[in-house]
Structure formats: structure tokens, C-alpha cells
Engineer: 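Below you'll find the structure I mean.
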Number of protein chains: 2
Amino acid sequence: MEPKDTKQRILDAAEHLFAVNGYRGTSLRAITAAAKANLAAVNYHFGSKQALIEAVIERRSVPLNRLRLQRLEEVQTAARRQGVPPTARQVLTAFVEPSLAFRTSGPGARDFITLIGRALAEPDDTVRNIFVGHIRPVVELLDICLAEALPELPARVLIWRLHFLLGSLSHIMNNMDKLQAPPIGLPLVAGPKEMVDLLLPFLTAGMEAPA
Amino acid sequence: MEPKDTKQRILDAAEHLFAVNGYRGTSLRAITAAAKANLAAVNYHFGSKQALIEAVIERRSVPLNRLRLQRLEEVQTAARRQGVPPTARQVLTAFVEPSLAFRTSGPGARDFITLIGRALAEPDDTVRNIFVGHIRPVVELLDICLAEALPELPARVLIWRLHFLLGSLSHIMNNMDKLQAPPIGLPLVAGPKEMVDLLLPFLTAGMEAPA
DNA sequence: GTCTATAGATTGATAGAC
DNA sequence: GTCTATCAATCTATAGAC
């Protein structure tokens with residue numbers, strides 16, 4: 001195995017440390033030390049700390065969101081071919097499944113999921129806006145698909161429920177490893193497949209509830 | 001109106017700035033400047049930055065969680081008096097309503113809600129653990145009440161759904177002001193009363209869904 | 001491309017006068 | 001209790017040798 005070049009090692013180390021300690025809580029020194037690179041290498045390869053996290057987010061956001069868009073479009077076209085609206089369950093599966101499965105798609109993907117799970121709540125608008133910019137088209141298509149699946153639901157109610165959904169998903173992605181079961185504090189673990197089975201009935205029922 | 005003493009002004013300023021910029025993103029200098037106090041006053045009155053945020057969180061967490069516990073106990077005893085289990089809707093209302101209503105309970109409460117909404121996702125374990133320590137007994141009672149309301153639901157499924165619920169609520173509390181409606185980006189606003197009416201059908205249906 | 005060295009700014013915390 | 005002044009540590013970013 002060829003040793004990865006410096007740029008890759010910095011990306012990997014930054015992904016991990018940003019996930020663990022947050023954007024502000026991670027110094028360029030910590031990143032370059034973990035990457036066994038020189039402090040100046042960050043600015044040589046990326047230009048600034050902000051440009052570095054943009055690169056970290058972009059590296060995995062682009063393929064992940066492409067996958068989510070693709071799954072949603074498949075549900076949409078399959079339904080149109082049959083002349084019926086898609087079911088809420090189909091739409092939600094298309095969105096939730098890639099999100100959770102991505103976690104085990106390779107080394108570092110897990111850190112990335114923690115990172116973007118946290119990004120929604122980042123105080124720093126820098127990080128938040130980068131993330132939101134990438135996911136916006138996916139959320140817009142999700143909104144359209146759910147409106148087709150639930151035509152009787154007022155648009156305003158649908159949008160709020162969409163945010164409830166995003167909150168649940170974001171929280172789970174962010175905390176999948178640290179959750180504990182009351183009252184004894186047993187660690188609470190579930191694989192991506194099982195998590196889909198837990199999330200979908202909850203979200204589907206919530207979405208389909210009468211307004 | 002008497003001018004508030006320095007300690008109070010520092011608490012108020014810290015609450016606001018921590019809510020807007022996060023714990024790490026807020027310097028003691030920014031806090032004392034906003035509070036029109038001297039930089040050294042923070043360490044004189046509180047001892048350290050960490051002790052300051054502990055005081056900020058405790059000031060409102062204690063009464064809020066006392067209210068939530070009280071509401072849950074009321075539901076519990078009312079149901080026992082009638083010899084029937086409470087409904088999921090009653091239990092969820094007892095938990096969600098004070099959370100959202102607290103927001104408009106006075107000046108600063110709104111900042112505090114943003115602050116604790118964010119605390120669940122704070123990278124800094126300091127902040128996270130302070131918050132979790134305060135809310136833990138409430139979540140444990142909520143778990144017990146929901147188990148009574150939904151006796152057929154496996155305990156493991158219930159706990160996960162509880163976390164889905166906490167994710168939704170936390171995300172809404174954190175973002176109530178900044179959410180936008182696709183595709184035009186209209187600001188999306190709802191008062192606490194309306195938000196309860198939006199959240200409860202979603203959460204109740206999700207909780208009651210068959211496993 | 002990689003390194004050392006350092007500039008330039010900001011931070012939490014404290015000493016000590018009043 | 002409040003203030004000025006400052007320490008010691010940390011940070012991002014850059015200049016310049018190799």
C-alpha cells in the first residue's frame with residue numbers, strides 16, 4: 001500500500017479531529033501532528049483553516065448527496081411509471097437509508113457522519129452554511145416527493161414535519177455512539193440496517209399522521 | 001428599576017453570547033464588555049469560564065426541569081387514580097409543552113432555549129455533561145411514563161424512539177428562528193402554542209406506531 | 001513540497017493597587 | 001468589589017531557507 005500523500009493525510013486527520021472536537025476546538029497544529037505533516041502544509045495545500053473544512057465536507061458530501069438525489073429520483077420515476085404517487089415510506093427510505101448506510105461505507109465515513117450530524121448545530125455559520133449549501137437540493141426534492149406522497153397534508157405542516165425528521169436523523173447520526181439507556185447507563189448500539197428499521201416506522205407514522 | 005448587580009449582568013450577557021456564538025466561540029472579554037463589567041469580574045464572581053457556564057445553565061435548568069417533572073408526575077397520578085395507563089399523547093404533552101412554552105417565559109429564556117438546544121450537540125463535553133446531568137432524571141421519568149402508556153412496545157424500541165423525539169425537539173428549539181421554507185427561503189415561524197400543535201401529532205403517531 | 005522560525009492577534013487567568 | 005496591567009499559553013497565518 002502506497003503511503004498516502006500529505007494532502008490526503010491532512011484531510012483524513014482533519015475529518016477525524018473536527019468530528020471529535022468540533023471546528024473551533026481543533027487546531028491546525030493538532031491536525032498536522034496527527035497527519036505527520038508540517039504545520040505550514042495546511043496553508044500550502046488548502047490556503048486556510050476554513051478552506052480545509054470546506055474540502056473535508058465536500059469530499060464526502062458530494063457523493064452522498066448525489067446518492068440521496070438518485071434514490072429519490074428513482075422512487076419518483078417508478079411511481080410515475082405506474083401512474084400512482086409514491087408512498088411516504090418509499091420516499092423516506094430513499095432518503096434515510098443512504099444517510100445511515102454511508103456510515104459504514106469506508107474508513108473515515110463514520111467520522112464524517114458525526115461531523116455533519118454536528119454541523120446542523122454548529123454555532124459557527126461558516127461550517128453550517130457549507131453543509132446547508134450541499135444538502136439544500138436534496139431537502140427540496142424530499143419536500144416535493146413527500147408532497148406527492150401526502151397530498152392531503154398542508155404544505156406548511158409538511159415543512160415543519162420535515163424539520164422534525166431532520167432533527168431526529170441529525171441527532172441520531174451525531175450521537176449513535178454515545179447514547180446510553182436509562183436507568184443503568186448501558187450503552188445503546190444499533191447497526192445501520194437495524195437503525196433504518198427503527199427509524200422508518202417512527203418517521204412514516206409521524207409524517208402520515210392527520211394534521 | 002434598580003440596576004442589576006454585576007453578577008446578574010454577567011449571567012445575562014453570557015447566556016446571550018453563549019447562545020449566539022457557542023461556548024468556545026465566546027470570550028470572557030466579549031461577555032464582560034456586553035455586561036459593562038470588568039474583565040476580572042468573571043473570575044471574581046464565578047472563578048472560571050467553566051464555572052460561569054455551569055451557573056448560566058443551572059439558573060434556568062433547575063426550574064424548567066422541575067416543571068417538566070411536575071407535569072409528568074401529574075399525568076402519572078391522574079392515570080393511577082383512574083386505574084388506567086396514561087395515553088402517549090398526555091405524556092408527550094406534559095414533556096413538550098413546558099419545553100416550548102418556557103421560551104416565552106421571560107427575557108433571556110429564549111436565549112437559554114437556544115443554548116440548551118445546542119448543548120446536545122456541543123463538541124465540548126464540559127457543556128454537554130452539565131446539561132445532560134440536569135435533564136437525566138426527566139428523561140428517565142419520561143421513559144417510565146411512556147412505557148406505561150405503550151406497554152406493548154419493546155423497551156429497546158421505546159428508548160430509541162425517545163432519542164428520535166429528543167432529536168426533533170432539540171433541533172426545533174435550536175433552530176426555531178432560522179428555519180426557512182424551500183424553495184424560496186421564506187422564513188418559517190411559529191409560536192410556542194402552534195409549535196406544540198405541530199409537534200404532538202407527529203410525535204404521538206411516531207411513538208404509537210407498531211414496532 | 002517540506003521545513004524552521006516567527007509575526008501578530010487573542011485567549012483565560014491572576015497579581016496587586018484602590 | 002472594581003480596576004489596570006500583564007503573564008503565559010495558544011492560535012492562524014506567513015516569510016524565507018532548503
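First the proteins, then the strands, lettered A, B, ... as listed; each starts at 1.
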Engineer: Give me, pair by pair, the N or O atoms of the protein and of nucleotides 1-3 of chain D that are less than 3.5 Å apart, along with how far apart they are.
Structural biologist:
residue	atom	partner	partner atom	Å
dT2(D)	OP1	Thr6(B)	OG1	2.8
dT2(D)	OP2	His45(B)	NE2	3.0

Engineer: Can you run down the salt bridge (Lys or Arg N to Asp or Glu O under 4.0 Å) pairs that involve residues 46-64 of chain A, sequence neighbours left out, and say none if there aren't any?
Structural biologist: Asp12(A)-Arg59(A), Glu15(A)-Arg59(A), Glu15(A)-Arg60(A)

Engineer: Which atom pair, heavy atoms only, marks the closest approach of Val56(A) to Phe112(A)?
Structural biologist: O-CE1, 4.0 Å

Engineer: Once you round it to whole Å, what is the distance between P of dT11(C) and CZ of Arg29(B)?
Structural biologist: 6 Å

Engineer: Any salt bridge (Lys or Arg N to Asp or Glu O under 4.0 Å) pairs touching residues 66-77 of chain A, not counting sequence neighbours?
Structural biologist: Arg71(A)-Glu97(A)

Engineer: Atom CG of Leu39(B) to atom P of dA15(C): distance rounded to whole Å?
Structural biologist: 14 Å

Engineer: In whole Å, I'd like the distance from the CD1 atom of Ile31(B) to the C1' atom of dT11(C).
Structural biologist: 12 Å

Engineer: Whole-Å distance between dC7(D) P and Leu28(B) CG?
Structural biologist: 19 Å

Engineer: Can you name the closest pair of heavy atoms from Leu162(A) and Val139(A) and give their distance?
Structural biologist: CD2-CG1, 3.9 Å

Engineer: Can Lys193(A) and Asp197(A) be counted as an ion pair, charged N to O under 4.0 angstrom?
Structural biologist: yes

Engineer: Check whether any side-chain nitrogen or oxygen of Ser27(B) sits under 4.0 Å from OP1 or OP2 of dT11(C), and answer yes or no.
Structural biologist: yes

Engineer: Regarding Thr32(A), tell me which of base, sugar-phosphate or nothing describes its non-hydrogen contacts under 4.0 Å with the strands shown.
Structural biologist: nothing

Engineer: Within a radius of less than 6.0 Å around CZ of Arg136(B), do more than 12 heavy atoms belonging to other residues, nucleotides or ligands occur?
Structural biologist: no

Engineer: Specify the separation, in whole Å, of atom CG of Leu52(B) and atom C1' of dT11(C).
Structural biologist: 15 Å

